[in-house]
Amino acid sequence: MSTVTPAAPVPVAPTTTRSSPFRRRRIMHRVALNGVALLVFVVMVFPVYWMVATAFKPGSEILDYTPHWIPSHPTLRNFTNAMHRPYFWTDAKNSLIIVAFVVLLSGIVAFLAALALSRFRFRGRSAFIVLIIGVQMVPLAALIIPLYITASRAHLVNTLTGVIFMYMAFVLPFSVWTLRGFMLGVPRELEEAAMVDGATRFGAFIRVMFPLVAPGLVATSIFAFIQAWNEFIIAYVFLHDSSKQTLTVWLASFTTLHGTDWGPLMAGATLTALPVVVFFVLVQRKIAFGLTAGAVRG
């Protein structure tokens with residue numbers, strides 16, 4: 001009988017000593033990234049927290065040399081003083097009117113312009129795209145004087161209509177550029193397939209392209225809302241009457257020659273920021289749903 005000799009055991013190289021430094025570096029890398037992310041988060045969130053916290057502090061805690069990180073005696077007096085300040089509700093109404101028209105008009109115009117740039121060929125198309133990019137590079141402060149002269153000649157100074165047109169002048173370029181990118185991501189074959197199945201060009205656009213571009217339209221609407229709501233320079237220069245100003249200009253009234261009333265100012269700033277937060281919370285779910293629906297349909 002032949003005997004089978006057992007195979008010699010294969011030596012296994014010790015990997016623990018080699019892998020441990022690699023694991024340590026990876027752990028240290030993650031810890032460093034998390035630390036940087038936490039630092040950025042604190043830097044971004046702390047001013048907002050300090051604004052809200054100051055809005056609930058009494059005057060003695062606000063002016064105290066020792067900082068109070070948390071209000072010791074929370075009060076709503078600052079909010080009451082801010083809301084009873086002259087022109088608060090009037091300026092809030094003006095801001096809502098301006099923002100509503102800016103979002104609606106810029107959305108329609110930007111949508112049609114982006115559709116033309118992404119789906120049609122015409123003379124001057126490339127130059128128009130370059131012009132859109134160039135306009136975004138110009139700082140807003142450099143456009144104040146030309147815009148004011150143009151609005152003055154058209155008798156649009158100190159009117160809400162003039163401010164709406166001025167806001168659209170700097171909201172439209174970014175909106176058109178963003179929507180064009182969304183439309184370029186939709187294949188032409190989807191529209192052509194719908195037209196082969198008997199749909200008209202308009203029907204293919206409404207049933208196929210519009211649902212896929214809807215997330216981009218919502219995203220640009222959020223951008224237009226935030227820009228128009230938070231804008232200060234144009235409203236401050238173009239609107240002279242206190243009854244026609246916006247909330248951002250109204251906030252500047254808390255600073256006078258006698259000093260700054262910090263409590264009501266922080267309360268007013270908190271109230272001014274609430275519509276933007278509420279609008280984003282209501283719309284961000286629709287953005288996620290639109291992206292998911294577009295991916296399934298595509």
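Note that this is a predicted model, so its numbers are computed, not measured. Quick note: residue numbers are just sequence positions, from 1.
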- Linked, directly or transitively: V157 and F232 (ILVMFWY side chains, under 4.5 Å): yes
- Query: With no hydrogens and no angle check, is any side-chain donor or acceptor of R85 less than 3.5 Å from a backbone partner on S253?
  - Reply: yes
- Go through F182 and T220 one step at a time and tell me if the side chain to side chain contact (heavy atoms under 4.5 Å, CB included) criterion holds. CA-CA 11 Å; F182 273 89; T220 54; over 6 Å; no
- Message: So which atom in K244 and which in L160 form the shortest heavy-atom distance, rounded to 0.1 Å?
- Response: O-CD2, 3.5 Å
- Verdict with supporting geometry, N78 and T270, side chain to side chain contact (heavy atoms under 4.5 Å, CB included): CA-CA 11 Å; N78 295 326; T270 303; over 6 Å; no
- Within the side chain of E61, is there an N or O that forms a donor-acceptor pair under 3.5 Å with the backbone of P71? no
- With side chains defined as the heavy atoms from C-beta onward, is the minimum distance between L104 and F101 less than 4.5 Å? no
- Message: Are there over 12 heavy-atom neighbours, none belonging to F128, within less than 6.0 Å of that residue's CZ?
- Response: no
- Heavy-atom count around I70 CD1 within 6.0 Å, excluding the residue itself: above 12? no
- Query: Can you pull the side-chain hydrogen bond (donor to acceptor under 3.5 Å, both in side chains) pairs that have at least one residue in residues 156-185, sequence neighbours excluded?
  - Reply: N158-D241, Y167-E231
- Task: Tell me, yes or no, whether the heavy-atom count around W89 atom CH2, taken from other residues, nucleotides or ligands under 6.0 Å, exceeds 12.
- Result: no
- Close side-chain approach of V249 to D91, heavy-atom, < 4.5 Å: no
- Item | Between OG on residue S106 and CZ on residue F174, distance to nearest 0.5 Å | 12.0 Å
- If you group Ile, Leu, Val, Met, Phe, Trp and Tyr by side-chain heavy-atom gaps below 4.5 Å, do V176 and I129 land in one group? yes
- Report yes if the side chains of Y148 and V237 come closer than 4.5 Å at any heavy-atom pair, otherwise no. yes
- Query: Do the side chains of I97 and V163 join up, straight or via other hydrophobic residues, at under 4.5 Å, putting them in one cluster?
  - Reply: yes
- Close side-chain approach of Q227 to F170, heavy-atom, < 4.5 Å: yes
- Message: Any heavy-atom pair between the side chains of L96 and W229 that's under 4.5 Å?
- Response: yes
- Message: Let me check something: do L76 and M83 share a hydrophobic cluster, defined by ILVMFWY side-chain heavy atoms less than 4.5 Å apart, either directly or through other members?
- Response: yes
- Message: Check this for me: Y236, atom OH, are more than 12 non-hydrogen atoms of other residues, nucleotides or ligands nearer than 6.0 Å?
- Response: no
- Linking I/L/V/M/F/W/Y whenever any side-chain heavy atoms sit under 4.5 Å apart, do I234 and I145 land together? no
- Students should find that the hydrophobic cluster of V40, defined by side-chain heavy atoms under 4.5 Å apart, otherwise consists of V36, M44
- Query: Going by heavy atoms in the side chains, are I144 and I233 under 4.5 Å from each other?
  - Reply: yes
- Judged by atom type as modelled, is there a donor-acceptor pair below 3.5 Å linking the side chain of T150 to the main-chain atoms of P146? yes
- Kindly give the heavy-atom pair with the smallest separation between V171 and A224, and that separation in Å. CG1-CB, 3.6 Å
- Taking Y49 for its side chain and V42 for its backbone only, find out whether a donor-acceptor pair lies under 3.5 Å. no
- Measuring from T75:OG1 to F56:CZ, what's the distance to the nearest 0.5 Å? 9.5 Å
- Nearest 0.5 Å, what's the CG-OG1 distance between L239 and T246? 6.5 Å
- Query: Which value, rounded to the nearest 0.5 Å, describes the distance between L247 atom CG and N230 atom CG?
  - Reply: 10.5 Å
- Message: In the structure I gave you, are the side-chain heavy atoms of F111 and V213 within less than 4.5 Å of one another anywhere?
- Response: yes
- Between H68 and T66, which heavy-atom pair has the shortest distance, and what is it? CD2-O, 3.1 Å
- Query: So do the side chains of L115 and M183 get within less than 4.5 Å of each other, counting heavy atoms only?
  - Reply: yes
- Query: Which heavy atom of N81 sits nearest a heavy atom of P264, and at what distance?
  - Reply: CB-CG, 4.1 Å
- Item | Residue H240 excluded, over 12 heavy atoms near NE2 under 6.0 Å | yes
- Query: Where do I132 and P173 come nearest, in terms of heavy atoms and distance?
  - Reply: CG2-O, 3.4 Å
- Query: Just how far is it from atom CD1 of I27 to atom NE2 of H29, taken to the nearest 0.5 Å?
  - Reply: 12.5 Å
- Note on the structure: Output for pair (L117 CG, L179 CG), nearest 0.5 Å, gives 10.5 Å
- Query: Mind checking whether W250 and F254 have parallel, tilted or perpendicular rings, split at 30° and 60°?
  - Reply: perpendicular
- Item | Which atom of T272 lies closest to which atom of G268, heavy atoms considered | OG1-O, 2.7 Å
- Message: Does F79 have more than 12 heavy atoms from other residues, nucleotides or ligands lying within 6.0 Å of its CZ?
- Response: yes
